[in-house]
Every structure is written in structure tokens, then in C-alpha cells.
Visitor: 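First, the structure itself, so that you have it in front of you.
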Amino acid sequence: MPKSFQSKSFQSALAGLVLAAAVAMPALADGLKDEIAPTGKLRVAIAISPAGGAFWSTKTEAGYAGVPVDLGKEMATQLGVSVEYVVHQNSGQITDAASKGTWDVTWLPRDPERETKMMFGPIYEVADATYIVKAGSSVTNFASLDQPGIKIAAVNATTTMRGAIAHLKNAKVTGYQTYDEIFGLLKSGEIDAFALSRDQLNKMAQKIPGTKVLDETFKKTVTAIAVPLGHNQSLAFVTKFMTDATTNGALRKAYDNNGLKDTPIRTE
């Protein structure tokens, strides 16, 4: 066979492979987009609170701010779609909506109960949960806190609330829908304590003089990216996204942009 013919045959075959790859790649991308952004937008579930941190987002004049807000925007850019933020009051509401098809991706605390309702990717934060006690309280540790008649507040249907209920045998734990409501109750002295992550409670203590954050820790709370059940292609994509974000600096940048410059990224 002449070399020129072989060369042309090779070039023809190579062109065919390139064309096949070009056709296959958009098809794969479209398949992912159909699952992870079925409305044509990436719908990111966020929870709004002044607490800040690696999970909570805040309302701003321009829209929303927070680590999940920044990560959601970056993910949408990689997918080539716009981002839409689906607002909730707490992580429990996000969990309840997991089977309703109202959001596509979220970042929230993981626990065994939630693992039955959504699929989780890599953990990017590990937080210590404890309690803040009201001003003037004689409570100094867990033993003096866990007494009959002591009123403990937690954000309703959250990992921290479930942990506090399991931890305390005598004090009563009551769930409330918003951080703001609990902040007001603690400030007015209508509750004795509030269960939340230590970093957020330390910030709260600065705003309510006389309150004290207890030294002990009753639970380690891990926060991770999540997608609805059955979204296996989405899970593979978001897992790679978070793995890359941890190594390429995108996660660090999201922390730094949201008041967490001194907060280390903690993974399991």
C-alpha cells in the first residue's frame, strides 16, 4: 500500500476519532446538565442567618453572601449555566426539600439521618458543638447545665439539635426555626442556653455581654456538599469539584471572602 494512501487513511481515521470525541463530549456534558441543572440553572440551597461560618449564608443588599454562595457560583460557571439561590431558614428545611426537586446542590452538616435523604460528597468543615449560656447564669459546665428546668434552644431539625437531645438527659431542648429568634430569646434571658458550633457562639458572645460559651464539646459536626438521592452523575461531579476546590485554592478563597481568614479548612 502506498505511503501516501496509508497517511491519508491514518489522517481520516484520526479525524473520525476526533469527530466522535467531539460528539460524545457534549452528549456527556448535556447528560450531566440534565441531572444537575434540569431547569437550565444550578439551584443552590442555602440557609440564611447572621451567624456566618462555613455553612450559613447572609442576605446582602446585592443578594447573598457566604461560602456556599461563592462555591455555588463557581460550580455554575464550570457547568456553563447561571446560578439560582434557593433560600431556607435552616438546614432542616433544606433536608425536608431534598425529595421535592426544588434544589440541585447544597452544602450542609451531614449526619446519619440526612444520609437517608441525600447523597454526600467530601467534608470540608469539622466544627465543635457546645452551648452558650445566658448572662448571669450560674451554669459553668455540662453537668450544671443538664438539670431539670433548664431551657436549651437549638435550630430546629438540625444535626446540632439532634446531638443536644442525645447529650442532655434532664434539661429540655426546644427547636426554633431561625437563629435570629434564638438570639433574641437568649439576649432577653427567656432561655438558659443555645446549642450551636463554637465558632458561631463565640461571635454571639461578643454581641450579648455577660453570656459565656462553655469549654466542653458535646459533638463534632461535619459539613459537606450534597445532592438529592439518585443523582449519581451529579455526585461524581460535585465530589471532583470539592476535591479540586480544596487543592486549587477556591475553597480557601471562599473562606477568606466571608470573614473566615483565620479559620482553617478541616476535613476528615
Visitor: Rounded to the nearest 0.5 Å, what's the gap from CD on Q78 to CG on L42? Could you check?
Guide: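 Here the rounded value is 10.5 Å.
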
Visitor: Begin from the C-alpha positions of S91 and R114 and carry the test side-chain hydrogen bond (donor to acceptor under 3.5 Å, both in side chains) through to its verdict.
Guide: CA-CA 10 Å; S91 58; R114 287 184 179 158; 2.8 Å; yes

Visitor: Should the pair K59 and Y64 be classed as cation-pi, given the thresholds of under 6.0 Å to the six-membered ring centre and 45° from the axis?
Guide: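 Yes.
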
Visitor: Looking at every non-hydrogen atom in both residues, tell me the closest pair between I36 and L79 and how far apart they are.
Guide: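 Nearest pair, atom of I36 first, then L79: CG2-CD1, 3.8 Å.
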
Visitor: For side-chain hydrogen bond (donor to acceptor under 3.5 Å, both in side chains), just list the numbers for D70 and N258, CA-CA rounded to whole Å, side-chain angles, deciding distance to a tenth of an Å, and then say yes or no.
Guide: CA-CA 9 Å; D70 287 1; N258 291 283; 3.1 Å; yes

Visitor: With a sphere of 6.0 Å drawn around CG of D262, does it hold more than 12 non-hydrogen atoms of other residues, nucleotides or ligands?
Guide: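 It does not: D262 CG has 12 such atoms or fewer within range.
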
Visitor: Under a 3.5 Å distance rule, please check whether S137 uses its side chain to pair with a backbone N or O of V133 as donor and acceptor.
Guide: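 No.
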
Visitor: Between the main-chain N or O of P112 and the side-chain N or O of T116, is there a donor-acceptor pair closer than 3.5 Å?
Guide: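 Checking the backbone N and O of P112 against the side chain of T116, no donor-acceptor pair under 3.5 Å is found.
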
Visitor: With a cut-off of 6.0 Å (strictly less than), are more than 12 heavy atoms of other residues, nucleotides or ligands near NZ of K187?
Guide: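 It does not: K187 NZ has 12 such atoms or fewer within range.
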
Visitor: Could you pull out the closest heavy-atom pair between Y124 and I265, with the gap in Å?
Guide: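 That would be O-CG2, 3.6 Å.
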
Visitor: Salt-bridge test for K240 and D244: reply yes if a basic N is under 4.0 Å from a carboxylate O, no otherwise.
Guide: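 Between D244 and K240 there is a salt bridge, with a charged N closer than 4.0 Å to a carboxylate O.
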
Visitor: Report the distance from atom NZ of K134 to atom OG of S188, rounding to the nearest 0.5 Å.
Guide: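 Here the rounded value is 9.0 Å.
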
Visitor: Considering all heavy atoms of both residues, which atom of A76 and which atom of V83 are nearest to each other, and what is their separation?
Guide: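 Residues A76 and V83, closest heavy atoms: CB-CB, 3.8 Å.
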
Visitor: What's the separation between atom CD in Q206 and atom OG1 in T211, rounded to the nearest 0.5 Å?
Guide: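 These two atoms lie 9.5 Å from each other.
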
Visitor: Tell me whether S49 contacts the main-chain N or O of A51 through its side chain, where contact means a donor paired with an acceptor under 3.5 Å.
Guide: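 Yes.
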
Visitor: Is there a side-chain contact (heavy atoms from CB on, under 4.5 Å) between L186 and I132? Walk through the geometry before answering.
Guide: CA-CA 9 Å; L186 185 71; I132 186 172; 3.7 Å; yes

Visitor: Quick check on the hydrophobic clustering: are M204 and M161 connected, directly or via other members, by side-chain heavy-atom contacts under 4.5 Å?
Guide: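 No, M204 and M161 fall in different hydrophobic clusters.
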
Visitor: With sequence neighbours left out, which residue pairs that include part of residues 208-231 fulfil the ring pair (Phe, Tyr, Trp, His ring centres under 6.0 Å) condition?
Guide: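 Sorted pair list: Y131-F218, H167-F218.
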
Visitor: Can D128 and K220 be counted as an ion pair, charged N to O under 4.0 angstrom?
Guide: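 Salt bridge: yes.
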
Visitor: Would a hydrophobic clustering, with Ile, Leu, Val, Met, Phe, Trp and Tyr connected at side-chain separations under 4.5 Å, put M242 with V69?
Guide: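 Yes, same cluster.
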
Visitor: To the nearest 0.5 Å, tell me how far L201 CG sits from L196 CG.
Guide: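 If I round to the nearest 0.5 Å, the distance is 5.0 Å.
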
Visitor: With side-chain contact (heavy atoms from CB on, under 4.5 Å) as the test, would you mind laying out the steps for D96 and I94 before giving the verdict?
Guide: CA-CA 6 Å; D96 290 342; I94 295 175; over 6 Å; no

Visitor: Can you find a heavy atom in the side chain of I46 that is under 4.5 Å from one in the side chain of V86?
Guide: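 In short, these two side chains do not touch, never coming nearer than 4.5 Å.
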
Visitor: In terms of hydrophobic clustering (I, L, V, M, F, W, Y; side-chain heavy atoms under 4.5 Å; direct or indirect links), are I182 and L214 co-clustered?
Guide: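 Looking at the clustering, L214 is in a separate group from I182.
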
Visitor: Please determine whether the number of non-hydrogen atoms from other residues, nucleotides or ligands lying under 6.0 Å from atom NZ of K203 exceeds 12.
Guide: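 Above 12, so yes.
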
Visitor: Are I191 and I165 connected in a single hydrophobic cluster, I mean Ile/Leu/Val/Met/Phe/Trp/Tyr linked by side-chain heavy atoms less than 4.5 Å apart?
Guide: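 I165 and I191: separate clusters.
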
Visitor: Is there a side-chain contact between T239 and P122, using heavy atoms and a 4.5 Å cut-off?
Guide: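 The answer is yes; the side chains approach within 4.5 Å.
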
Visitor: Could you go through T178 and Q89, starting from their C-alpha distance and side-chain angles, then the distance that decides it, and tell me whether this counts as side-chain hydrogen bond (donor to acceptor under 3.5 Å, both in side chains)?
Guide: CA-CA 6 Å; T178 69; Q89 295 301 317; 5.3 Å; no

Visitor: Would you name the heavy atoms of D256 and L260 that are closest together and state the gap between them?
Guide: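 D256 and L260 have their closest heavy atoms at OD1-O, 4.1 Å.
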
Visitor: With side chains defined as the heavy atoms from C-beta onward, is the minimum distance between N90 and Y179 less than 4.5 Å?
Guide: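 No, their side chains stay 4.5 Å or more apart.
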
Visitor: Determine whether I150 and L145 satisfy the following criterion, side-chain contact (heavy atoms from CB on, under 4.5 Å), listing intermediate values before the conclusion.
Guide: CA-CA 7 Å; I150 296 289; L145 177 73; 3.9 Å; yes

Visitor: Check the side chains of N141 and D215 for a donor-acceptor pair under 3.5 angstrom, ignoring hydrogens and angles.
Guide: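 D215 vs N141: no donor-acceptor pair found between side chains.
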
Visitor: State plainly whether one hydrophobic cluster holds both V238 and F55, where clusters connect Ile, Leu, Val, Met, Phe, Trp and Tyr through side-chain heavy atoms under 4.5 angstrom apart.
Guide: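 Different hydrophobic clusters.
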
Visitor: Under the salt bridge (Lys or Arg N to Asp or Glu O under 4.0 Å) criterion, do D111 and R162 qualify, and how do the steps go?
Guide: CA-CA 10 Å; D111 66 14; R162 286 189 283 273; 2.6 Å; yes

Visitor: Going by side chain to side chain donor-acceptor pair (under 3.5 Å), name the pairs with one or both residues in residues 38-47, residues two or more places apart or in two chains.
Guide: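 Counting only pairs at least two positions apart or across chains, the side chain to side chain donor-acceptor pair (under 3.5 Å) contacts touching residues 38-47 are R43-D104.
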
Visitor: Can you list every pair that meets ring pair (Phe, Tyr, Trp, His ring centres under 6.0 Å) and has a residue in residues 32-53, with sequence neighbours left out?
Guide: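 Found none.
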
Visitor: Could you tell me if the side chain of T221 sits less than 4.5 Å from the side chain of V126, heavy atoms only?
Guide: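 Contact flag for V126/T221 side chains = no.
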
Visitor: Do any N or O atoms from the side chain of S57 and from the backbone of G66 form a donor-acceptor pair under 3.5 angstrom?
Guide: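 No: the side chain of S57 does not pair with the backbone of G66.
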
Visitor: Report yes if some heavy atom in the side chain of E35 is under 4.5 Å from a heavy atom in the side chain of F237; otherwise report no.
Guide: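 Result no, sub-4.5 Å side-chain heavy-atom pair not found.
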
Visitor: Out of the candidates L168, T217, T130, only one should pair with F142 under the side-chain contact (heavy atoms from CB on, under 4.5 Å) rule; please name it.
Guide: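 Passing option: T130.
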
Visitor: Could you check whether any side-chain heavy atom of V222 comes within less than 4.5 Å of a side-chain heavy atom of E125, counting everything from C-beta outward?
Guide: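 No, too far: nothing below the 4.5 Å cut-off.
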
Visitor: Compute whether any side-chain donor of one residue and acceptor of the other, for S197 and Q200, lie under 3.5 angstrom apart.
Guide: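 Checked: S197/Q200 side chains pair up, N/O donor to acceptor below 3.5 Å.
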
Visitor: List the atom of K33, the atom of G80, and the distance in Å for their closest heavy-atom pair.
Guide: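 Shortest heavy-atom separation between K33 and G80 comes out as NZ-O, 4.3 Å.
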
Visitor: Are any side-chain N or O atoms of D146 and backbone N or O atoms of N170, one a donor and one an acceptor, separated by less than 3.5 Å?
Guide: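 Checking the backbone N and O of N170 against the side chain of D146, a donor-acceptor pair under 3.5 Å is found.
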
Visitor: Evaluate the criterion salt bridge (Lys or Arg N to Asp or Glu O under 4.0 Å) for residue pair K151 and D192; output intermediate values, then yes/no.
Guide: CA-CA 5 Å; K151 300 176 182 177; D192 296 296; over 6 Å; no

Visitor: Could you check if a side-chain atom of I152 sits within less than 4.5 angstrom of a side-chain atom of T174, using non-hydrogen atoms only?
Guide: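 No; the side chains remain at least 4.5 Å from each other.
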
Visitor: Compare all side-chain heavy atoms of I225 with those of M75 and state whether any distance is below 4.5 angstrom.
Guide: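 Yes, side chains in contact.
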
Visitor: Closest approach of G72 and W107, non-hydrogen atoms and distance?
Guide: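 Taking G72 first and W107 second, the nearest heavy atoms are N-CH2, 3.7 Å.
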
Visitor: Nearest 0.5 angstrom please: E84 CD to T102 OG1, how far?
Guide: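 Interatomic distance, E84 CD to T102 OG1, rounded to 0.5 Å: 10.0 Å.
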
Visitor: For the atom pair OH (Y85) and OG1 (T106), what is the distance rounded to the nearest 0.5 Å?
Guide: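 Reported to 0.5 Å precision, the distance equals 12.0 Å.
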
Visitor: Check the pair F120 / L108 against side-chain contact (heavy atoms from CB on, under 4.5 Å), numbers first and verdict last.
Guide: CA-CA 9 Å; F120 286 90; L108 81 173; 3.7 Å; yes

Visitor: Does a donor on one side chain sit under 3.5 Å from an acceptor on the other, for T223 and R110?
Guide: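 Per modelled atom types, T223 and R110 side chains form no pair under 3.5 Å.
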
